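See below for the structure under consideration.
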Protein chains: 2
Amino acid sequence: MRLVIARCQVDYAGRLTAHLPPATRLILVKADGSVSIHADDRAYKPLNWMSPPCTLTVRSPEEDEAAVTADLDASVAEVWEVKGKDGDTLQISLFEVMHDSSHDLGIDPGLQKDGVEAHLQALLAEHPESIAAGLTLVRREFPTAIGPVDLMCRNESGAYVAVEVKRRGEIDGVEQLTRYLELLRRDPLLGDVRGVFAAQQIKPQARVLAQDRGITCVTVDYDALRGLDNAEDRLF
Amino acid sequence: MRLVIARCQVDYAGRLTAHLPPATRLILVKADGSVSIHADDRAYKPLNWMSPPCTLTVRSPEEDEAAVTADLDASVAEVWEVKGKDGDTLQISLFEVMHDSSHDLGIDPGLQKDGVEAHLQALLAEHPESIAAGLTLVRREFPTAIGPVDLMCRNESGAYVAVEVKRRGEIDGVEQLTRYLELLRRDPLLGDVRGVFAAQQIKPQARVLAQDRGITCVTVDYDALRGLDNAEDRLF
DNA sequence: TCATACATTTCGGTG
DNA sequence: CACCGAAGTGTATGA
């Protein structure tokens, strides 16, 4: 990884056209060839970047007439041109370099995650009764023409119940479930299909929309479910 | 901005739980207090991060028993604890520091963009006939109870046409337009309202859904529109 | 402050 | 390779 602190100007042309006026910034050149430009704020998003695969070409400004403008040519030390795979380009004009160091980091073992929707879905699949009393699982990822329903269940009276699982319940989740229900209800083998929208938190607007469409909302306690799981582990 | 290259282990607890095993990485501490951890690949996304506002506390490992594990205590040099506003925490255990430098960057003038949806909408507003022959603009951002319709037009026979503009046409865009149309059609003053989904690219699934709902799909050539605009500039 | 829509979204999964 | 959906999404804008 190469770290460069420099006064620079950046021009991007690709899916959009963007320009960064001259200022001092951090330029990161990583081992995979990717380049990103960071200001002194925002942890997550760089000001500008080029995703791999891409190639970086460094040249002095006089090598390329086009890169030399009347205002800038006197002070430009180097011009970096980064070309992406879709023909997009990032041109970095460096005026003054304050810092430049390279470091060998090696490959990263990577991030281990827990608590995402997949886990929530797995826990609910193991404990469908926590969604509604008497509910039993038919299968996870129940296939439809427009994609799989998270959980297909049956209630005490044998009716099918399609469950959409979300960490945060918002309008688009209700729309998604609505589309599934529309399709499922066309299948005469399934008969009437109920809809349940299960999430850790459900936004008021999503709740109203769901209610309007006859979809039941269930808020799920992830920690309690995990506890249930742990308790089970201990018991059996 | 502070740049630290160090062998470190990272643990995040917040909306999810995540863990980074010991490895050499770049740790960025920015002027706004934000912290991000980068591996030697991926331009855009850090391995882990804490968005501002947040506070960084540095301490030697013996100050906090909880942070000291049997496996690690011998080699841990420092433990950084970053607390976010929602009570989420990022704990960085540093084993060995290879580089540590600080740089004053000042505030950034920021990115200047062109080519986003707003511009596309503006161009289409100036050239509604490029959406469909005979179309004339009534107004941009036509207000409804659930939000503004991008473009409200009328066709040759005087019927209202609601146009949803997207750079990339996907299912949620069709859903959005559907909601608008549902509302607009309740207004007796407007009469029948047609729907047009205009985008640079329209995904097949979105196209199918739109067709099913009687919404017309139009793919827009952004460069041609911009050319039309430039040509106009030259002519008048 | 909250809700919504956009993003050069990025990123991972599946067909 | 495409499409599709999730993300600790982040970010800007308007109510």
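These numbers were taken from a predicted model, which means no experiment stands behind them. Chain naming here is simple, since letters A, B, ... match the order of the sequence lines and numbering starts at 1 in each.
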| Closest to side chain of B/Arg42, choosing from C/dA3, C/dG12, C/dT10 | C/dG12
| task | Round to a whole Å and report the spacing from NZ of A/Lys113 to P of D/dA6. | result | 13 Å
| Can you check whether B/Arg207 has a side-chain N or O nearer than 4.0 Å to OP1 or OP2 of D/dC3? | no
| query | Atom NZ of B/Lys166 to atom C1' of C/dT4: distance rounded to whole Å? | reply | 11 Å
| field | C1' atoms of D/dA7 and C/dC6, separation to the nearest Å | value | 15 Å
| message | For A/Leu111 and A/Ala43, find the nucleotide of DNA chain D closest to each by heavy atoms; which residue's nucleotide sits nearer the 5' end? | response | A/Leu111
| said: Nearest whole Å is fine: how far is C/dC6 P from B/Gln176 CD? | reply: 5 Å
| query | Nearest to the side chain of A/Gln205, which nucleotide is it out of C/dA5, D/dG10, C/dT4? | reply | C/dT4
| D/dG5 P sits how many Å from A/Asp150 CG, rounded? | 11 Å
| How would you label the contact of A/Met50 with the nucleic acid (heavy atoms, under 4.0 Å): base, sugar-phosphate, or nothing? | nothing
| request: Could you check how far CD of B/Glu175 sits from P of C/dT4, rounded to whole Å? | output: 15 Å
| request: Tell me, with the steps shown, if B/Lys30 and A/His38 meet side chain to side chain donor-acceptor pair (under 3.5 Å). | output: CA-CA 10 Å; B/Lys30 296 194 174 183; A/His38 283 261; 2.9 Å; yes
| request: Assess whether one donor atom and one acceptor atom, taken from the side chain of B/Tyr44 and the base of C/dT10, lie less than 3.5 Å apart. | output: no
| Integer angstrom distance from the C1' of C/dA7 to that of D/dA6 | 15 Å
| message | Can you tell me if B/Arg179 touches the phosphate of C/dT4, counting only side-chain N or O atoms and a distance under 4.0 Å to OP1 or OP2? | response | no
| message | Heavy atoms from C-beta onward define the side chain here; which of C/dT10, C/dT8, C/dC6 lies closest to that of A/Asn48? | response | C/dT8
| query | NZ of A/Lys45 versus C1' of D/dA7: gap in Å, rounded? | reply | 15 Å
| said: Before you tell me yes or no, could you show the steps for A/Arg25 and B/Asp108 under salt bridge (charged side-chain N to carboxylate O under 4.0 Å, His left out), namely the whole-Å CA-CA distance, both residues' side-chain angles and the distance that decides it to 0.1 Å? | reply: CA-CA 8 Å; A/Arg25 306 186 176 94; B/Asp108 200 278; 2.5 Å; yes
| field | Short N-O contact, B/Glu126 and B/Arg140, less than 4.0 angstrom | value | no
| request: For B/Ile171 and D/dG5, give me the distance from atom CD1 to atom P, rounded to whole Å. | output: 6 Å
| Between A/Trp49 (CH2) and C/dA7 (C1'), how many Å, whole number? | 8 Å
| field | N-O pairing of A/Glu170 and A/Arg168 below 4.0 Å | value | no
| NZ/NE/NH1/NH2 to OD/OE distance under 4.0 Å, B/Arg59 and B/Glu81 | yes
| query | Nearest nucleotide by nearest heavy atom, which residue falls closer to the 5' end of DNA chain D, A/Tyr180 or B/Tyr12? | reply | A/Tyr180
